[in-house]
Amino acid sequence: MSPAYFSLVMATGIVSLAAFLMDRRGLAVSLFYLNIAQYAVLCVLYGIRAVRHPRRFFGDMIAHASGPGYFTAVAGTGILASQFMAIGANVAIGTGLWLLAGLLWVCLTYTIFPALTVRREKPTLDTGINGGWLLAVVATQAMAVSSALLASLEPPHHPALNLLALSMWLWGGMLYIWMMSLIFYRYTFFPLSPGDLAPSYWINMGAMAISTLAGCQLILNAPQAPYLASLLPFLKGFTILYWSVGTWWIPMLLVLGLWRYGYKRFPLRYDPIYWSVVFPLGMYAACTWQIERAMAFGFLDPVSHVLLYIALAAWAITFLGMIHALVCGHGRQKMDRTF
């Protein structure tokens, strides 16, 4: 079982939230309830894996290639918390999930990175880093988004929650700079095969999109939070920076995808990692809608709607692929037991 399977919750959750922002209430609520079920099932499966295969479970956690995938649990929990607060209007459950996401963030951050630091045997840069490392940024910014949203629901805009959201937003941005520098260096100075260009590289864009969403929520909170109001030029400048960097990545990733699947004929079949493509698309739709609200540009709403439909189509295709893979995998297991 992939350590990054909570990306299913991340993808479903952000498509649901984007639909809610754009007043597609029926779709948003349907995906919200589906996401609750998916989250519960994944929690059970992760628990079973931890109990039955502890060496693999915790071994994956401290491996360069797979360890950062566990941050999907933080991001998925944070996004589900935001769904409960925004769509379900249930601040109590949302707060509980927000606390759980914070606990997971602390435990994973200060387990994975120290373990990778002190390991005696380490991979080279070209084999040890990939776009999945940016899940640490996404998890941090998911905490920023849910904290800022909770602050807006706690009158009078709880200053401690806003400060926490601001701190996580800034830390996530700094972490992106560190990791993206290494990833871009790996892109341009090491050989890149079609197999190396995993869908997780779409998180290059997704990390900036969720950073934009967090910045927008802080801007919207500023009128009721004096110290945020004093930082408005800074908040707006960096939010636009994040959005523009995320926008820059979209054509780049599309070109690389054409190279991988079109020119190199890399086979396209379901893998849990493809949820790492759906999530950035949904997040870009949501953050573009919110930056229009925060900045009042007056011309970005059509972009948001188009990206929502694209994200929804990508979600549907990937979900059907997952169901097909589960059914076929179960069928193969039955045949293996028979013969």
Side-chain angles (χ1 to χ4, degrees), residues 1-22 24-46 48-49 69-84 86-88 97 131-132 135 138 142 198-203 205-206 209-210 250 253-254 257 260-261 266-287 304-333:
M1 184 176 182
S2 169
Y5 225 126
F6 271 97
S7 56
L8 166 63
V9 176
M10 293 165 56
T12 306
I14 194 54
V15 173
S16 173
L17 284 168
F20 179 78
L21 289 172
M22 300 178 208
R24 305 293 194 273
R25 300 299 178 94
L27 174 62
V29 172
S30 299
L31 291 175
F32 171 46
Y33 287 126
L34 175 62
N35 216 25
I36 294 172
Q38 292 175 158
Y39 185 83
V41 170
L42 285 172
C43 285
V44 171
L45 292 177
Y46 270 59
I48 292 172
R49 185 171 188 255
Y70 280 97
F71 281 109
T72 59
V74 181
T77 304
I79 289 172
L80 187 60
S82 297
Q83 283 185 281
F84 267 101
I87 302 173
L97 287 168
L135 287 167
V138 173
S200 60
Y201 278 112
W202 273 84
I203 306 172
M205 182 271 280
I210 194 172
I250 295 175
L253 292 165
L254 289 174
R260 186 185 199 226
Y261 297 108
F266 193 83
L268 181 61
R269 61 175 64 93
Y270 174 76
D271 189 286
I273 204 168
Y274 279 102
W275 291 112
S276 298
V277 177
V278 180
F279 168 76
L281 293 172
M283 185 56 73
Y284 189 83
C287 80
S304 306
H305 287 285
V306 170
L307 261 296
L308 173 61
Y309 294 133
I310 293 173
L312 183 59
W315 180 90
I317 292 169
T318 310
F319 190 82
L320 290 174
M322 179 182 70
I323 298 300
H324 181 265
L326 290 173
V327 171
C328 289
H330 180 65
R332 283 195 297 270
Q333 289 177 352

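Only heavy atoms go into these numbers, but all of them, side chains included; no hydrogens, no water, no symmetry mates.
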Between [X] and [Y], what is the shortest heavy-atom contact and its length?
X	Y	result
Ala142	Ala75	CB-CA, 3.9 Å
Gly76	Met10	N-CG, 3.6 Å
Val277	Pro199	CG2-CB, 3.5 Å
Leu31	Ser16	CB-CB, 3.6 Å
Arg269	Tyr274	O-CE1, 3.2 Å

>> Which residues pass the side-chain hydrogen bond (donor to acceptor under 3.5 Å, both in side chains) test with Arg49, not counting sequence neighbours?
In response: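 Here the qualifying residues are Asp60, Tyr70.
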>> Just to verify, what does Tyr39 make a side-chain hydrogen bond (donor to acceptor under 3.5 Å, both in side chains) with, not counting sequence neighbours?
In response: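 side-chain hydrogen bond (donor to acceptor under 3.5 Å, both in side chains) list for Tyr39, sorted by chain: Thr77.
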>> So, using ring pair (Phe, Tyr, Trp, His ring centres under 6.0 Å) as the criterion, who are the partners of Tyr270 when residues are at least two apart?
In response: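 Partners of Tyr270 by the ring pair (Phe, Tyr, Trp, His ring centres under 6.0 Å) criterion come out as none, since no residue qualifies.
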>> Going by ring pair (Phe, Tyr, Trp, His ring centres under 6.0 Å), name the residues that satisfy it together with Tyr46, two or more places apart in sequence or in a different chain.
In response: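 Listed in chain order: Phe6.
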Rounded to the nearest 0.5 Å, what separates atom [atom1] in [X] from atom [atom2] in [Y]?
X	Y	atom1	atom2	value
Leu34	Phe319	CG	CZ	5.0 Å
Ser7	Ile14	OG	CD1	14.0 Å
Thr318	Ile273	OG1	CD1	12.0 Å
Ser276	Leu281	OG	CG	11.0 Å

Once side chain to side chain contact (heavy atoms under 4.5 Å, CB included) is applied, do any residues pair with [X], and if so which ones, sequence neighbours excluded?
X	answer
Leu253	Tyr187, Tyr201, Trp202, Met205, Trp249
Ser304	Met22, Thr288, Trp289
Ser2	Ala4, Tyr5, Pro272
Phe266	Pro194, Arg260, Tyr261

Taking only distance into account, with no hydrogens and no angle test, what donor-acceptor pairs under 3.5 Å do side-chain atoms of residues 305-315 form with protein atoms, sequence neighbours excluded?
{"from": "Tyr309", "atom 1": "OH", "to": "Arg24", "atom 2": "NH2", "distance (Å)": "2.8"}
{"from": "Trp315", "atom 1": "NE1", "to": "Thr12", "atom 2": "OG1", "distance (Å)": "2.9"}

> Could you walk me through whether Val138 and Met283 pass the side-chain contact (heavy atoms from CB on, under 4.5 Å) check?
Replying inline: CA-CA 11 Å; Val138 173; Met283 185 56 73; over 6 Å; no
>> Would Ile36 and Phe84 count as a side-chain contact (heavy atoms from CB on, under 4.5 Å) here? Give the steps.
In response: CA-CA 10 Å; Ile36 294 172; Phe84 267 101; 3.6 Å; yes
> Should Asn35 and Leu80 count as side-chain neighbours, where that means a heavy-atom distance under 4.5 Å?
Replying inline: yes
>> Less than 4.5 Å apart, side chain to side chain, heavy atoms only: is that true for Leu17 and Ser82?
In response: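 Sidechains of Ser82 and Leu17: in contact.
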> Passes side-chain contact (heavy atoms from CB on, under 4.5 Å), Phe279 versus Thr72? Steps please.
Replying inline: CA-CA 11 Å; Phe279 168 76; Thr72 59; over 6 Å; no
